[in-house]
Amino acid sequence: LILVTGHADRLGSQQYNQKLSMQRAAAVATYLSGKGVSAQIDTLGMGKTQAIKECNDKLGRKKLIECLAPNRRVVVEVRGLSKNN
């Protein structure tokens, strides 16, 4: 099983970021399938709920967007037993 989880930064509404994070996860799942990955691929969108970096709101918009970049990500987890077990 492969779990692909999309994330978004805190800018924008929860609804928008939830949809965006799902789209990010789906894009990676499509890529993996296109490259021949035959395992089950599940996708999940976390929206803006799991930030890994906090940024000061006093930054200018451009600097704030740059600072929040690590929160816009996709995490891929591979779960299961190897064929050698």
Quick check: closest heavy atoms across Glu54 and Ala51, and the distance to 0.1 Å? OE2-CB, 3.7 Å
Is there any disulfide bond (SG atoms under 2.5 Å apart) pair reaching into residues 29-78, and which pairs are they, with sequence neighbours excluded? Cys55-Cys67
If you group Ile, Leu, Val, Met, Phe, Trp and Tyr by side-chain heavy-atom gaps below 4.5 Å, do Val4 and Val37 land in one group? yes
Is there a side-chain contact between Asp57 and Arg10, using heavy atoms and a 4.5 Å cut-off? yes
Minimum heavy-atom separation for Ser21 and Gly47, please, with both atom names. OG-N, 2.9 Å
Is the backbone N or O of His7 less than 3.5 Å from a side-chain atom of Arg24, with the two atoms forming a donor-acceptor pair by type? yes
Distance from Met22 atom CE to Asn17 atom CG, nearest 0.5 Å? 13.5 Å
Can you list everything that forms a salt bridge (Lys or Arg N to Asp or Glu O under 4.0 Å) with Glu77? Sequence neighbours excluded, please. Arg79
The reported gap from NZ in Lys35 to OG1 in Thr30 (rounded to nearest 0.5 angstrom) is 13.0 Å
Tell me which donor-acceptor pairs under 3.5 Å the side chains of residues 58-65 have, and how far apart each pair is, sequence neighbours excluded?
none

Donor-acceptor check, side chain of Asp9 to backbone of Asn71, threshold 3.5 angstrom: yes or no? no
From CZ (Arg73) to NZ (Lys53), nearest 0.5 Å: 12.5 Å
Gap between atom CG of Asp42 and atom CG of Leu1 - 0.5 Å precision: 5.0 Å
In Val75, Val74, Ile41, the residue satisfying side chain to side chain contact (heavy atoms under 4.5 Å, CB included) with Val28 is Val74
